[in-house]
**Student:** 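What follows is a single structure, and I will ask about it in a moment.
Whatever order the structure lists ligands and atoms in, that order sets their numbers, starting from 1. Hydrogens, waters and symmetry mates are skipped; everything else that's a heavy atom, side chains included, is used. Throughout, numbering of the chain's residues begins at 1 and tracks the sequence.
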Amino acid sequence: MNAVVYDRYGSFDVLSYKQVADPVPAAGQVLIRAKAAAVHVGDCFAVHGEPYAMRLQTGLFRPKTGVPGFDVSGVVESVGQSVRTFAPGDEVFGVGNGTCAELVCADASTLALRPKRLSFAESAVLPTSGLAALHALRDIAKLGRGQRVLVVGASGGVGMFAVQIAKSLGAEVTGVCSGRNVDLVRSIGADHVIDYTREDFAKGSARYDLVFDNVENRSVADCRSVLTADGMLICNSGTGATGLRMLVRLVRPLLLNPFVRHKLRRYLSMPNHADLVQLAELAERGVLRPVIAQTFPLAQTRDALAFVQSGHAAGKVVVQIA
Ligand SMILES: NC(=O)c1ccc[n+]([C@@H]2O[C@H](COP(=O)([O-])OP(=O)(O)OC[C@H]3O[C@@H](n4cnc5c(N)ncnc54)[C@H](OP(=O)(O)O)[C@@H]3O)[C@@H](O)[C@H]2O)c1
């Protein structure tokens, strides 16, 4: 098969496009003939091998899989001997290992049948970002009707789904993005949009039950200043800092939490079949309408990752495979 591969961590120059042996699914895995992959900042981390914590998943000294990409959609080619949930020919989406390739192995537990209302490319962008938004809003915030939410980074992969899911839960949503994305964020359902190049949300008079911060370029104090008395701040950005600064940023809200009246949260979203099914249902009902910022051919995965790393893609970035 053709795939994008790398045998050491580094800049995107470590990536090359070549023919390699077909992967073989383990007993609980599914082999997918990929139609599309979607890339996000976690894929950039996996190529760089930084933040180092990422290597617990991708390989301590060398990349284990050696193919970038986690999100995928495609058609089941074959299934491992213990898989009963999928059969050859099923159209699926979910999280796999090394999805920037023509053939992809994925655990059956991190796949679901794809929503037919969406294209393969639109299906591929759902898993990681959609689940991150769902887990934050439904499980951590337990967001309900009439609550007011501020989504920082509303035009990004996670933010875009967060706006749509928050609306479907009955919340009043304010999105924060740059001026060029104001119309986009409004078009996906935000009730109010703050252009951060003109207006500082922390200086506004509005108060929110939840701040979902996908950028984290503002202090915890700034975010808390716009919360209601018992409001919640969910910190959700792994970018913009490295090394010790990153560690401090990651743990600060958790250490602070017991001493303040607000609820401060950070979380790790993990893929599972049931929640992928829920995302597919939301997509079939028209609640989730993915926005694709740009599509790249498989051979240009490197450019796709560089675009993601710029931090200003308006929506999701797709690698078209077939
Ligand atoms: N907790 C988890 O398990 C989990 C899972 C997935 C992702 N994440 C994290 O979620 C974060 C967001 O990921 P993503 O895929 O949504 O990133 P993304 O697609 O790169 O989106 C970033 C967005 O942030 C916006 N932005 C940049 N500067 C901003 C500012 N000052 N104020 C408001 N918005 C600003 C950009 O919009 P403009 O172009 O308009 O500036 C862009 O649309 C990442 O740090 C990632 O590590 C966490």
**Student:** Please walk me through it: do Arg180 and Asp195 pass salt bridge (charged side-chain N to carboxylate O under 4.0 Å, His left out)?
**Tutor:** CA-CA 9 Å; Arg180 71 190 172 93; Asp195 169 0; over 6 Å; no
**Student:** Donor-acceptor check, side chain of Arg266 to backbone of Leu250, threshold 3.5 angstrom: yes or no?
**Tutor:**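 Yes.
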**Student:** With a cut-off of 4.0 Å, which atoms of ligand 1 are near a heavy atom of Val176?
**Tutor:**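 Reading through ligand 1 atom by atom, the close ones are 33 (C), 34 (N).
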**Student:** Does Phe12 have its ring centroid less than 6.0 Å away from the ring centroid of His48?
**Tutor:**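 For Phe12 and His48, the ring centres are under 6.0 Å apart.
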**Student:** Evaluating non-hydrogen atoms only, which member of Val215, Val182, Asn217 is closest to atom 35 (C) of ligand 1?
**Tutor:**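 The nearest heavy atom belongs to Val215.
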**Student:** Considering heavy atoms of the protein only, find what lies nearest to atom 3 (O) of ligand 1 and give residue, atom and distance to 0.1 Å.
**Tutor:**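 Going atom by atom, the protein heavy atom closest to atom 3 (O) of ligand 1 ends up being Ser269 N, 2.7 Å.
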**Student:** Below the 3.5 angstrom mark, is there an N/O of Ala314, backbone or side chain, next to an N/O of ligand 1?
**Tutor:**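 It does not: no N or O of Ala314 is found under 3.5 Å from an N or O of ligand 1.
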**Student:** Which of the numbered atoms in ligand 1 are below 4.0 angstrom from a heavy atom of Ala132?
**Tutor:**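 Near Ala132, meaning under 4.0 Å from one of its heavy atoms, ligand 1 has 5 (C), 6 (C).
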**Student:** Please list, in number order, the atoms of ligand 1 under 4.0 Å from a heavy atom of Val152.
**Tutor:**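 Heavy-atom distances to Val152 below 4.0 Å select 33 (C).
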**Student:** Is the backbone N or O of Gln164 less than 3.5 Å from a side-chain atom of Arg289, with the two atoms forming a donor-acceptor pair by type?
**Tutor:**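 No, Arg289 side chain to Gln164 backbone: no donor-acceptor pair under 3.5 Å.
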**Student:** Looking only at protein heavy atoms, which one is nearest to atom 7 (C) of ligand 1, and what is the separation?
**Tutor:**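 The closest heavy atom on the protein side is Val158 CG2, 3.8 Å.
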**Student:** Write out the residue and atom name of the closest protein heavy atom to atom 46 (C) of ligand 1, then the distance separating them to 0.1 Å.
**Tutor:**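 Minimum-distance protein heavy atom for atom 46 (C) of ligand 1 reads Val41 CG1, 3.5 Å.
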**Student:** Pick, from Ala133, Gly157, Gly179, the option with the minimum heavy-atom distance to atom 17 (O) of ligand 1.
**Tutor:**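 Of the listed residues, Gly157 has the closest heavy atom.
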**Student:** Is there at least one pair of N or O atoms, one from Tyr196 and one from ligand 1, spaced under 3.5 Å apart?
**Tutor:**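 Indeed, backbone or side chain, Tyr196 has an N or O that close.
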**Student:** Counting each atom of ligand 1 from 1 as listed, which ones have a heavy atom of Gly153 under 4.0 Å away?
**Tutor:**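 Going through ligand 1 atom by atom, the ones under 4.0 Å from Gly153 are 24 (O), 25 (C), 33 (C), 34 (N).
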**Student:** Any nitrogen or oxygen of Thr128 lying under 3.5 Å from a nitrogen or oxygen in ligand 1? Just yes or no.
**Tutor:**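 No, Thr128 has no N/O under 3.5 Å of an N/O on ligand 1.
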**Student:** If you measure every N/O of Asn214 against every N/O of ligand 1, is any gap under 3.5 Å?
**Tutor:**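 No; the residue has no nitrogen or oxygen that sits under 3.5 Å from a nitrogen or oxygen of the ligand.
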**Student:** Give the atom numbers and elements of ligand 1 that come within less than 4.0 Å of a heavy atom of Ser237.
**Tutor:**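 Taking each heavy atom of Ser237 in turn, ligand 1 has 45 (O) under 4.0 Å.
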**Student:** For Arg180, counting its heavy atoms only, list the atoms of ligand 1 lying under 4.0 Å from any of them.
**Tutor:**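 Listed by number with element: 39 (O).
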**Student:** Can you confirm, on distance only, whether ligand 1 has an N/O atom lying under 3.5 Å from any N/O atom belonging to Leu268?
**Tutor:**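 Between Leu268 and ligand 1, no N or O pair is found under 3.5 Å apart.
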**Student:** Starting from atom 27 (C) of ligand 1, which protein heavy atom do you reach first, and at what distance in Å?
**Tutor:**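 In this structure, atom 27 (C) of ligand 1 has His312 CE1, 3.7 Å as its nearest protein heavy atom.
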**Student:** Does ligand 1 have any atom that is closer than 4.0 Å to a heavy atom of Ala313?
**Tutor:**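 It does, in that a heavy atom of Ala313 comes within the 4.0 Å cut-off of ligand 1.
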**Student:** Quick test: of every protein heavy atom, which one is nearest to atom 8 (N) of ligand 1, and how far off is it to 0.1 Å?
**Tutor:**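 Result for atom 8 (N) of ligand 1: Asn236 OD1, 3.6 Å.
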**Student:** Who's the nearest protein heavy-atom neighbour of atom 45 (O) of ligand 1, and how far?
**Tutor:**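 Looking only at protein heavy atoms, the one closest to atom 45 (O) of ligand 1 is Gly238 N, 2.9 Å.
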**Student:** Test salt bridge (charged side-chain N to carboxylate O under 4.0 Å, His left out) on Asp275 and Arg138 and set out the steps.
**Tutor:** CA-CA 11 Å; Asp275 288 340; Arg138 182 197 64 184; 3.1 Å; yes
**Student:** Identify, for atom 22 (C) of ligand 1, the protein heavy atom at the shortest distance, and state residue, atom and that distance.
**Tutor:**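 Its nearest protein heavy-atom neighbour is Gly311 O, 3.7 Å.
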**Student:** Which atoms of ligand 1 have any heavy atom of Asn181 under 4.0 Å away?
**Tutor:**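 Those qualifying, in numeric order: 38 (P), 39 (O), 40 (O).
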